[in-house]
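Just follow the structure's listing: the first ligand is 1, and inside any ligand the first atom is 1.
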Amino acid sequence: MPTPVIIDCDPGHDDVFAIWLAAANPEIDLRAITSVAGNGRIEHTTLNARIACTVAGIHGVPIARGAAEPLAQELEPAEWIHGANALGGPELPEPTVPLDERDAVQLIRDVLTESDRPVVVIATGPLTNIAHVVQRHPEVLAKIDRVVWMGGSTGRGNVSAYAEFNAWTDPESIQVVLDSGVAFTMVGLNISHQALITPQVRARVRAAGNRTGSFGYELLEFFCSTYNTFEGMPDGPLHDPITVAMVIDPAVATTVETRMDVELKGTETRGATCVDLLNITKRPKNATVALDLDVERFWSLIEAAVRALD
Ligand code: RIB
Ligand code: CA
């Protein structure tokens, strides 16, 4: 039986592939897509979620607009990687997929309430919306099977020495979600940097021969060019879809049950995800952390999804 899933995202090039993988793979029952400010301002990430579905022919999945600002600081979009519209590269079509009249928190609450079984919440941007659900609707938390979040790192960051972008953008939201007691999986840079978009991968996406493949190829070309310019990585990492792949096939990544905390105060370390892999703190374990990726299995899932869409 397919796993019910909500995707909360900030499209964003890699977020688009997470949406496509969730919509195309038969192991997933994609119940809703919600946008959050992160890679871009909320008007861009919301529009881009609708465009991602329009290009791929994904219909019938409600899309709702989420938080425009993090819980406790001003938004600083990742325009250097994703572009001014958060989806640089291809010419963007007018969306044909409508925007739900509810906001993200209302849609998430309704999907959880109406679901006949617990729902996996996949978050591929800052955790702002999920934190709002925890704070405003504690009555629905029992219907969250787990939160699977692309963010953080067991090691170094990508926007400061120790903070990854999604964590850096809204560290308070991580603390709210961790404190809620909802089962939590962190998919950090330590594993996402194993999902490198090589020229061979880009060719496999384009070889799908459909609109999704050609649009996706242009997205990957842009994403790799900016990663090369700003991070010295010509084969950029496709971070976000790993979360979806782990729901589809748990064997695609190894994981460890461990302790993680988020730094909220450090002058140099605010937003760092402090993952105690050696259990030095002896604190209660509170997270499942992804470690190693079955790279070919991952790319095969991506390739199959692109081929299955329009
Ligand atoms: O640091 C990588 C993460 O930040 C990814 O989710 C990417 O889309 C950006 O949101
Ligand atoms: Ca993202």
Student: At a non-hydrogen distance cut-off of under 4.0 Å, which region of V159 contacts ligand 1 (side chain, backbone, both, or neither)?
Tutor: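 Neither part.
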Student: When you measure from the side chain of N286 to the backbone N and O of M260, does any donor-acceptor pair fall under 3.5 Å?
Tutor: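 Yes, the answer is positive, given that a donor and an acceptor are paired below the 3.5 Å cut-off.
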Student: I'd like to check which ligand 1 atoms, numbered from 1 as shown, lie under 4.0 Å from a non-hydrogen atom of N166.
Tutor: 3 (C), 4 (O), 5 (C), 6 (O), 9 (C), 10 (O)
Student: I'd like the atom name of the N/O/S atom in D240 lying closest to the Ca ion (ligand 2).
Tutor: OD2
Student: Under the criterion side chain to side chain contact (heavy atoms under 4.5 Å, CB included), I'd like the reasoning laid out for V140 against I144: C-alpha separation, chi angles, the key distance, then a yes or no.
Tutor: CA-CA 7 Å; V140 299; I144 298 177; 5.6 Å; no
Student: If you have a sec, work out which protein heavy atom is nearest atom 9 (C) of ligand 1 and how many Å separate them, to one decimal?
Tutor: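 Nearest protein contact, heavy atoms only, for atom 9 (C) of ligand 1 is N39 OD1, 3.0 Å.
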Student: Near N158, which atoms of ligand 1 are under 4.0 Å from a heavy atom of that residue?
Tutor: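 Answer for ligand 1: 1 (O), 2 (C).
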Student: Which bit of D240 is near ligand 1, meaning a heavy atom under 4.0 Å away: side chain, backbone, both or neither?
Tutor: side chain
Student: Using the six-membered ring of F184, assess whether NZ or CZ of R146 lies under 6.0 Å from its centre and within 45 degrees of the ring axis.
Tutor: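 Geometry flag: not set, cation outside 6.0 Å or 45°.
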Student: Output the list of atoms in ligand 1 that are nearer than 4.0 Å to some heavy atom of D10, sorted by atom number.
Tutor: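 In order of number, 10 (O).
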Student: For the side chain of E69 and the backbone of L75, is there at least one donor-acceptor N/O pair under 3.5 Å apart?
Tutor: yes
Student: Any N/O/S atom, backbone or side chain, of D14 lying under 3.0 Å from the Ca ion (ligand 2)?
Tutor: no
Student: May I ask you to identify the nearest protein heavy atom to atom 1 (O) of ligand 1, giving residue, atom name and distance to one decimal place in Å?
Tutor: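 Nearest protein contact, heavy atoms only, for atom 1 (O) of ligand 1 is E164 OE2, 2.5 Å.
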Student: For ligand 1, indicate whether the residue D15 contacts it via side chain, backbone, both or neither (heavy-atom separation under 4.0 Å).
Tutor: side chain
Student: How open is the angle at the Ca ion (ligand 2) from atom OD2 of D15 over to atom O of T124, rounded to 10 degrees?
Tutor: 80°
Student: Just verifying a value: how many Å separate E231 CD and C224 SG, rounded to the nearest 0.5 Å?
Tutor: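 It is 12.0 Å, given to the nearest 0.5 Å.
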Student: Using a strict threshold of under 4.0 Å (side-chain N to carboxylate O), is an ion pair present between D276 and R283?
Tutor: no
Student: Does M150 put an N, O or S atom under 3.0 Å from the Ca ion (ligand 2)?
Tutor: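 For M150, the answer is no, given that no N, O or S atom comes within less than 3.0 Å of the Ca ion (ligand 2).
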Student: Return the closest protein heavy atom for atom 7 (C) of ligand 1 as residue, atom name and distance.
Tutor: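 Its nearest protein heavy-atom neighbour is D14 OD2, 3.3 Å.
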Student: Would R204 and E296 pass as an ion pair if we require N to O under 4.0 Å?
Tutor: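 Yes, charged N to carboxylate O under 4.0 Å.
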Student: Which atom names give the shortest non-hydrogen contact between F223 and H13, and what distance separates them?
Tutor: CD1-CB, 3.7 Å
Student: For the Ca ion (ligand 2), give me the closest N/O/S atom belonging to D10, just the atom name.
Tutor: OD1
Student: Taking only Lys NZ, Arg NE, NH1 and NH2, and the carboxylate oxygens of Asp or Glu, determine whether R270 and E172 approach each other closer than 4.0 Å.
Tutor: yes
Student: Any chance you could measure T54, atom OG1, to I63, atom CD1, to the nearest 0.5 Å?
Tutor: 7.0 Å
Student: Counting each atom of ligand 1 from 1 as listed, which ones have a heavy atom of M150 under 4.0 Å away?
Tutor: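 By the 4.0 Å cutoff, the relevant atoms are 2 (C), 3 (C), 5 (C), 6 (O).
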